[in-house]
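We count ligands from 1, going down the list as the structure has it; atoms in each ligand are counted the same way. Counting begins at 1 with the first residue of the sequence.
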Amino acid sequence: MSLVKSHCCYNLLNPSNTASLAMAMCSSFCPPQVPNHFRGTTPIPSFLPKPPSFKAFSSQTATASTKDEFPARVGFLGLGIMGSPMAQNLIKSGCDVTVWNRTKSKCDPLISLGAKYKSSPEEVAASCDVTFAMLADPESAVDVACGKHGAASGIGPGKGYVDVSTVDGATSKLIGEHIKATGALFLEAPVSGSKKPAEDGQLIFLTGGDKSLYETVAPLLDIMGKSRFFLGSVGNGAAMKLVVNMVMGSMMASFSEGLLLGEKVGLDPDVIVEVISQGAISAPMFSMKGPSMVKSVYPTAFPLKHQQKDLRLALGLAESVSQPTPIAAAANELYKVAKSHGLSDHDFSAVIEALKVKMQDPPEY
Ligand SMILES: NC(=O)C1=CN([C@@H]2O[C@H](COP(=O)(O)OP(=O)(O)OC[C@H]3O[C@@H](n4cnc5c(N)ncnc54)[C@H](OP(=O)(O)O)[C@@H]3O)[C@@H](O)[C@H]2O)C=CC1
Ligand SMILES: O=CCCC(=O)O
């Protein structure tokens with residue numbers, strides 16, 4: 001892909017000693033649960049002058065070249081809860097970023113940080129080497145990529161499109177086909193991790209598609225994330241993401257039931273959270289969200305409407321291979337009830353409210 005040679009300084013074939021040092025440091029600083037072989041081997045690009053301090057491995061190559069030599073242009077479409085901090089990390093790392101969002105005002109803080117602005121996805125894709133998209137759902141991801149003035153209208157050979165939205169495999173393939181028909185490359189790269197990991201550059205990328213684009217954008221993924229998995233063809237990244245979020249949605253629903261049952265039989269819910277946090281079913285999600293759930297407060301990190309969307313898409317995936325998923329199906333119903341009670345834009349932990357709702361007028365039998 002010409003982008004590697006013409007705009008970026010990272011040399012895939014001849015890693016410098018500095019880059020080797022960087023990779024060695026990466027191994028020592030990576031969380032132990034992430035196998036090294038999944039982290040890729042791409043040296044860190046030196047067009048990134050000031051990586052965030054938490055990326056010890058990135059900072060080692062920052063002096064190898066200057067930013068001006070390698071003006072890689074990065075587009076970012078969709079600046080919601082996730083897109084904004086992801087784009088912000090790219091800007092803060094010295095990337096030349098151009099943004100677009102349906103609601104223009106969300107671009108303003110990023111423009112203040114140095115981002116450029118274009119008024120359509122088409123213009124962003126036309127003016128950038130690589131364009132990322134972080135959209136709400138399959139419909140918006142398709143519209144932004146393939147609709148009128150969509151990215152596919154502006155993209156072409158030598159460019160790449162990386163969709164980091166959570167969508168189903170069929171949607172990802174559709175977008176990929178439109179992008180590749182222009183001669184550009186395509187990578188799906190949904191993320192595990194929520195608002196805080198996005199802010200801290202600690203996301204986990206689950207990718208599928210063009211391997212060469214994966215390698216090209218690996219340094220950018222490493223700015224926004226702590227690990228990345230290349231899973232093969234388009235659809236595999238989407239499937240991995242849906243499996244993870246199916247499990248997460250069921251876990252949260254089950255945790256909600258446990259908290260309410262315990263409370264009803266006289267247990268202190270704060271102590272329930274503490275006991276769970278010390279045992280085998282401990283999960284960061286329970287420790288982080290439990291205390292505010294006990295207070296019936298749900299500050300939005302992952303909107304409930306998106307969790308229900310992911311359960312719906314996961315159930316569709318299960319249906320496509322005749323895999324029984326009764327737990328996820330029951331959880332999905334609960335999120336649907338929560339949505340019907342106006343909780344769509346609350347954090348998905350607000351699903352607990354669906355279990356508190358009392359029938360206003362019990363039917364007469
Ligand atoms: N929040 C989280 O913890 C995580 C979310 N995800 C996934 O990432 C994606 C984004 O999530 P998040 O940032 O939380 O969501 P938000 O709801 O905060 O942002 C959604 C983005 O999509 C845009 N959008 C929605 N509909 C359209 C449309 N019809 N046309 C153009 N743009 C549209 C919104 O634009 P506008 O500002 O104009 O509304 C906004 O930029 C989702 O797929 C979600 O499932 C993945 C991991 C974690
Ligand atoms: O898709 C959202 C995932 C949220 C998380 O991983 O905490």
Are any protein N/O atoms closer than 3.5 Å to the N/O atoms of ligand 1? If there are, list each pair with names and the distance to one decimal place.
unit_1   : atom_1 : unit_2 : atom_2 : d
ligand 1 : 1 (N)  : A301   : O      : 2.8
ligand 1 : 3 (O)  : S194   : OG     : 2.5
ligand 1 : 3 (O)  : A301   : O      : 3.3
ligand 1 : 13 (O) : I81    : N      : 3.1
ligand 1 : 13 (O) : M82    : N      : 2.9
ligand 1 : 15 (O) : H306   : NE2    : 3.1
ligand 1 : 17 (O) : H306   : NE2    : 3.1
ligand 1 : 18 (O) : I81    : N      : 2.9
ligand 1 : 22 (O) : A136   : N      : 3.2
ligand 1 : 29 (N) : R102   : NH1    : 3.4
ligand 1 : 37 (O) : N101   : ND2    : 2.9
ligand 1 : 37 (O) : K106   : NZ     : 2.7
ligand 1 : 38 (O) : R102   : NE     : 3.0
ligand 1 : 38 (O) : T103   : N      : 3.0
ligand 1 : 38 (O) : T103   : OG1    : 2.5
ligand 1 : 39 (O) : R102   : NH2    : 2.9
ligand 1 : 41 (O) : L79    : N      : 3.2
ligand 1 : 41 (O) : G80    : N      : 3.4
ligand 1 : 41 (O) : N101   : OD1    : 2.7
ligand 1 : 43 (O) : L135   : O      : 3.0
ligand 1 : 43 (O) : A136   : O      : 2.9
ligand 1 : 43 (O) : T166   : N      : 3.1
ligand 1 : 43 (O) : K309   : NZ     : 3.1
ligand 1 : 45 (O) : K309   : NZ     : 2.7

- May I have the step-by-step check of salt bridge (charged side-chain N to carboxylate O under 4.0 Å, His left out) for K356 and E353, ending in yes or no? CA-CA 5 Å; K356 295 180 189 172; E353 292 295 329; 2.9 Å; yes
- Where do D108 and K104 land on the salt bridge (charged side-chain N to carboxylate O under 4.0 Å, His left out) test, with the steps shown first? CA-CA 7 Å; D108 295 341; K104 201 255 171 186; 3.5 Å; yes
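Using a 4.0 Å cut-off between heavy atoms, M285 makes no contact with ligand 2 at all. Using a 4.0 Å cut-off between heavy atoms, V244 makes no contact with ligand 2 at all.
Nearest-residue assignment for atom 1 (O) of ligand 2 (options M252, K289, K241, M288; heavy-atom criterion): K241.
Inspection of the Y214 and R228 side chains reveals an N or O donor paired with an N or O acceptor under 3.5 Å. With hydrogens and angles left out, the side-chain atoms of N332 and K336 include no donor and acceptor closer than 3.5 Å.
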Would you give me the side-chain donor-acceptor pairs under 3.5 Å for residues 277-288, sequence neighbours excluded?
unit_1 : atom_1 : unit_2 : atom_2 : d
S277   : OG     : E274   : O      : 2.7
Q278   : NE2    : E274   : OE2    : 2.7
S282   : OG     : S277   : O      : 3.1

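Between K118 and T98 the shortest heavy-atom distance is CG-CG2, 3.4 Å. For the residue pair L110 and S84, the shortest heavy atom distance occurs at CD2-O, 3.8 Å. Closest non-hydrogen pair, G169 versus A238, comes out as N-CB, 3.8 Å. Among all heavy-atom pairs drawn from A301 and K289, the shortest one is CB-NZ, 3.9 Å.
Ranking the protein heavy atoms by distance from atom 7 (O) of ligand 2 puts S194 CB, 3.6 Å first.
Taking only nitrogen or oxygen atoms, main chain and side chain alike, N245 reaches within less than 3.5 Å of ligand 2.
For ligand 2, the atoms sitting less than 4.0 Å from at least one non-hydrogen atom of G193 are 5 (C), 6 (O), numbered in the order shown with element in parentheses.
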